[in-house]
Amino acid sequence: MPELPEVEVSRMGITPHVTGHRVAEIIVRNPRLRWPVPEEIRQIEGQVIRRVSRRAKYLLLETDIGYAIVHLGMSGSLRVLPASVPPEKHDHVDLVLTSGEVLRYNDPRRFGAWLWQQPLNEEHTVLSKLGPEPLSDAFTADYLFDRAQGKRMAIKQFLMDNQVVVGVGNIYANESLFSAGIHPKRAAGKISLQRMTVLVAEVKAVLAFAIEQGGTTLKDFKNADGKPGYFAQELLVYGKGGEPCPRCDKTLSEMKIGQRATVYCSDCQT
């Protein structure tokens with residue numbers, strides 16, 4: 001097959017490059033990541049990648065006997081490139097495929113991880129305490145309401161807790177709370193089931209819209225193919241403190257909650 005140009009990948013971007021391909025070799029140049037890369041991960045050699053999935057920020061490369069777990073940490077990246085391209089500084093792990101391509105992991109700060117779980121039908125300990133995916137049927141208003149009972153934590157922090165629900169980052173929490181009309185500092189345990197129903201619906205809608213528009217990233221808002229993502233350009237409140245509210249024209253307020261930028265409308269959100 002012809003050599004493909006280097007591609008920086010998201011979960012959806014990685015899928016066509018690795019799914020259905022056999023792993024020829026895994027090269028670990030530096031095993032000292034957030035957790036040591038286990039020797040057992042070499043069992044992936046000779047296996048076909050059957051599926052690429054995700055739990056929170058963990059990427060799962062599933063085979064018939066187990067799965068590799070990849071986390072990018074704070075500075076990690078994955079690239080698909082021809083196996084003939086020599087490694088550079090901080091290229092710590094290569095997953096070499098029989099297709100002639102390599103999935104290359106670069107991580108200057110080494111806060112990411114490569115782990116292995118076998119057998120396939122058991123959950124690794126790093127995944128066991130994670131909450132449900134926000135777009136799954138398990139994430140319901142009843143579930144969120146029950147988890148919030150007795151909690152004095154601000155709803156924004158509660159919504160961003162991966163043990164409550166995974167994948168609702170700072171941007172999505174800001175947008176969802178604005179759309180639901182809920183003040184980000186309101187205590188999670190003080191929110192009614194009726195308002196939780198609206199909030200869960202808005203979380204799902206915001207995330208679905210983000211996926212449709214290309215998503216957001218923290219660095220450059222680019223998709224796996226290098227094209228700009230568009231959701232960041234259509235945000236309602238995040239990053240717009242001091243600007244008019246898109247609903248009532250009052251100036252949007254900004255503060256820090258849990259050291260994270262939070263933008264809200266003091267009139268529309270109560």
Side-chain angles (χ1 to χ4, degrees), residues 8-13 54-59 72-77 131-136 139 141 144 148 153-162 164-188 191 195-270:
E8 192 160 358
V9 294
S10 63
R11 178 181 68 88
M12 289 185 288
R54 179 189 59 78
R55 279 290 282 138
K57 294 184 178 180
Y58 294 95
L59 190 72
L72 300 182
M74 298 179 67
S75 61
S77 65
E133 297 286 335
L135 294 179
S136 71
F139 182 58
L144 195 62
M153 179 187 298
I155 183 60
K156 181 166 177 279
Q157 285 179 287
F158 182 73
L159 202 57
M160 292 174 62
D161 184 345
N162 276 337
V164 175
V165 57
V166 302
V168 184
N170 193 41
I171 294 174
Y172 303 125
N174 274 275
E175 295 293 296
S176 300
L177 288 166
F178 174 75
S179 296
I182 297 174
H183 195 287
K185 285 197 75 174
R186 177 171 288 278
I191 298 175
R195 299 194 80 189
M196 284 296 195
T197 300
V198 176
L199 178 57
V200 167
E202 291 300 338
V203 168
K204 291 176 181 284
V206 166
L207 288 171
F209 180 70
I211 292 169
E212 180 184 342
Q213 296 299 314
T216 61
T217 66
L218 295 179
K219 294 180 181 178
D220 53 14
F221 302 103
K222 288 187 178 179
N223 292 321
D225 59 5
K227 296 178 181 178
Y230 297 106
F231 179 69
Q233 301 171 24
E234 299 183 26
L235 299 174
L236 294 174
V237 293
Y238 182 81
K240 297 185 178 183
E243 297 183 21
C245 171
R247 286 183 178 168
C248 71
D249 284 335
K250 182 174 181 176
T251 301
L252 292 171
S253 301
E254 187 167 3
M255 63 179 169
K256 291 288 182 81
I257 298 178
Q259 305 304 310
R260 306 300 299 273
T262 304
V263 181
Y264 65 99
C265 175
S266 58
D267 278 5
C268 295
Q269 294 171 256
T270 59

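Computed from a predicted model, the values in this text were never measured in an experiment.
- Val165 approaches Leu159 most closely through the heavy-atom pair CG1-O, 3.4 Å.
- Closest non-hydrogen pair, Lys204 versus Ser136, comes out as NZ-O, 2.9 Å.
- Residues that satisfy the side-chain contact (heavy atoms from CB on, under 4.5 Å) test with Thr262, not counting sequence neighbours, are Lys156, Asn174, Pro184, Met255, Ile257.
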- prompt: Would Ser253 and Cys265 count as a side chain to side chain contact (heavy atoms under 4.5 Å, CB included) if you check the C-alpha gap in whole Å, the side-chain angles of each, and the deciding distance to 0.1 Å?
  reply: CA-CA 6 Å; Ser253 301; Cys265 175; over 6 Å; no
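- In this structure, CG on Leu235 lies 8.5 Å from OH on Tyr172, to the nearest 0.5 angstrom.
- When all heavy atoms are compared, the tightest approach of Val168 to Pro134 is CG2-CB, 4.2 Å.
- For residues 246-270, the pairs satisfying ring-ring contact (aromatic ring centres under 6.0 Å, His included) are His183-Tyr264, with sequence neighbours left out.
- Side-chain atoms of Glu175 never come within 3.5 Å of backbone atoms of Val206 as a donor-acceptor pair (strictly under, hydrogens ignored).
- Separation of atoms OH (Tyr58) and CG (Asn162) is listed at 8.5 Å; rounding is to 0.5 Å.
- Here the closest heavy-atom approach between residue Asp267 and residue Cys248 is recorded as CB-SG, 4.3 Å.
- Other residues, nucleotides and ligands contribute only 12 or fewer heavy atoms inside 6.0 Å of the NZ atom of Lys185.
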field: Test log, rule side chain to side chain contact (heavy atoms under 4.5 Å, CB included), inputs Phe178 and Glu202
entry: CA-CA 9 Å; Phe178 174 75; Glu202 291 300 338; over 6 Å; no
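- Here the closest non-hydrogen pair linking Asn170 and Ala261 is ND2-O, 3.1 Å.
- The structure places CG of Leu177 at 13.5 Å from SG of Cys268, a figure rounded to the nearest 0.5 Å.
- Note that CZ of Arg186 and CD1 of Ile155 are 10.0 Å apart. Values are rounded to the nearest 0.5 Å.
- Considering all non-hydrogen atoms of both residues, Ser179 and Leu236 come closest at OG-CD1, 4.0 Å.
- Remark: Lys240 does not engage Glu254 in a salt bridge, criterion side-chain N to carboxylate O under 4.0 Å.
- Here the CG-CD distance, from Leu207 to Glu133, works out to 10.0 Å after rounding to the nearest 0.5 Å.
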- request: Decide side chain to side chain contact (heavy atoms under 4.5 Å, CB included) for Gln157 and Arg260; before the verdict, give the C-alpha distance in whole Å, the side-chain angles of both, and the deciding distance to 0.1 Å.
  value: CA-CA 9 Å; Gln157 285 179 287; Arg260 306 300 299 273; over 6 Å; no
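- When side chains are defined from C-beta on, Pro244 does not count as touching Thr251, because their heavy atoms never get closer than 4.5 Å.
- Checked by atom type and distance alone, the side chain of Arg247 never pairs as donor or acceptor with a backbone atom of Asp249 at under 3.5 Å.
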- request: Would you sort out whether Gln269 and Ile182 count as a side chain to side chain contact (heavy atoms under 4.5 Å, CB included), showing the intermediate values?
  value: CA-CA 5 Å; Gln269 294 171 256; Ile182 297 174; 5.7 Å; no
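- Atom CG in Leu199 sits 6.5 Å away from atom CD1 in Ile191 (nearest 0.5 Å).
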